[in-house]
Amino acid sequence: MGGSAAPNLTLILARDLAATLSTPVFLVDARGDIVFFNEAAEEVLGTTFAEAQVMTADEWSVAFRPRDEGGRPLALEELPIGVALREGRPAHRAIEIVGRDGVARRIEATAVPLRARAGELVGAVAVFWERPAEPS
């Protein structure tokens, strides 16, 4: 989360919850920097949290090479978690990413903003899952 500021309690609690889930979860602070992603997310992202935890929003939003279903690169602002941060509302989208392991994966992601109290955006959380391969 950068700087010397103490971590926000809402982010701490969200991280604790995410760590117990078997569904992939990705958590960012208000700047969009990685706060945490769980073991289930590691499988989809092709990297461990320990390897990626220092990634800023600008770094991870490019590193995973997100694209829309037509193959067009997506900016952070177009990703569900970017919408949750920028517009303060839930968002959902089907996208393709390339994990740090080089494997392309089709995923669906739903993100919601996290607020400590009314008007105080402290971050966002995305829940995502791999989409099954389309029949040939």
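- The minimum heavy-atom distance between Leu27 and Leu11, with the atom names listed, is CD2-O, 3.7 Å.
- A donor-acceptor pair is defined here as one N or O able to donate and one able to accept, closer than 3.5 Å; such a pair exists between the side chain of Arg106 and the backbone of Pro132.
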- request: In sequence, state the C-alpha distance, the side-chain angles, and the governing distance for Val98 and Val103, and then conclude on side-chain contact (heavy atoms from CB on, under 4.5 Å).
  value: CA-CA 5 Å; Val98 177; Val103 176; over 6 Å; no
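- Closest approach of Asp33 and Ala57 over heavy atoms only: OD1-N, 3.0 Å.
- For the residue pair Thr10 and Asn8, a side-chain donor N or O sits within less than 3.5 Å of a side-chain acceptor on the partner.
- A distance of 10.0 Å separates CG in Leu79 from CZ in Arg86, rounded to the nearest 0.5 Å.
- Summarising the geometry, atom CG belonging to Leu21 is positioned 12.0 Å from atom CD belonging to Glu39; distances are rounded to the nearest 0.5 Å.
- Closest of all the heavy-atom pairs between Val122 and Ala116 is CG1-CB, 3.9 Å.
- When side chains are defined from C-beta on, His92 does not count as touching Pro80, because their heavy atoms never get closer than 4.5 Å.
- In this structure, CH2 in Trp60 is found 9.0 Å from CE in Met55, a value given to the nearest 0.5 Å.
- In this structure, Asn38 and Phe49 have side chains that are not in contact, with every pair of non-hydrogen atoms separated by 4.5 Å or more.
- A distance of 6.5 Å separates CD1 in Ile97 from CZ in Arg105, rounded to the nearest 0.5 Å.
- Contact record, Ala30 with Leu85: O-CD2, 4.0 Å, taken as the closest heavy-atom pair.
- The heavy-atom pair separating Pro113 from Ala84 by the smallest distance is CB-O, 3.5 Å.
- Identified under the salt bridge (charged side-chain N to carboxylate O under 4.0 Å, His left out) test for residues 67-76, with sequence neighbours left out: Asp68-Arg72, Glu69-Arg131, Arg72-Glu78.
- Side-chain contact check for Asp101 versus Thr47: every heavy-atom pair is 4.5 Å or farther apart.
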- request: Evaluate the side-chain contact (heavy atoms from CB on, under 4.5 Å) criterion for residues Arg100 and Phe64: first the C-alpha distance (whole Å), next the side-chain angles of each, then the deciding distance (0.1 Å), finally the verdict.
  value: CA-CA 7 Å; Arg100 300 284 299 272; Phe64 296 116; 3.6 Å; yes
message: With side-chain contact (heavy atoms from CB on, under 4.5 Å) as the criterion, how do Phe37 and Leu45 come out once you've worked through the C-alpha distance, each side chain's angles and the decisive distance to 0.1 Å?
response: CA-CA 9 Å; Phe37 55 84; Leu45 299 174; 3.8 Å; yes
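- In the hydrophobic cluster analysis, where Ile, Leu, Val, Met, Phe, Trp and Tyr join through side-chain heavy atoms closer than 4.5 angstrom, Leu17 is grouped together with Val28.
- The distance from atom CZ of Phe128 to atom CD of Glu108, rounded to the nearest 0.5 Å, is 12.5 Å.
- The number of heavy atoms from other shown groups lying within 6.0 Å of CD (Glu59) is above 12.
- Residues Ala18 and Val25 approach most closely at CB-CG1, 3.6 Å, considering heavy atoms.
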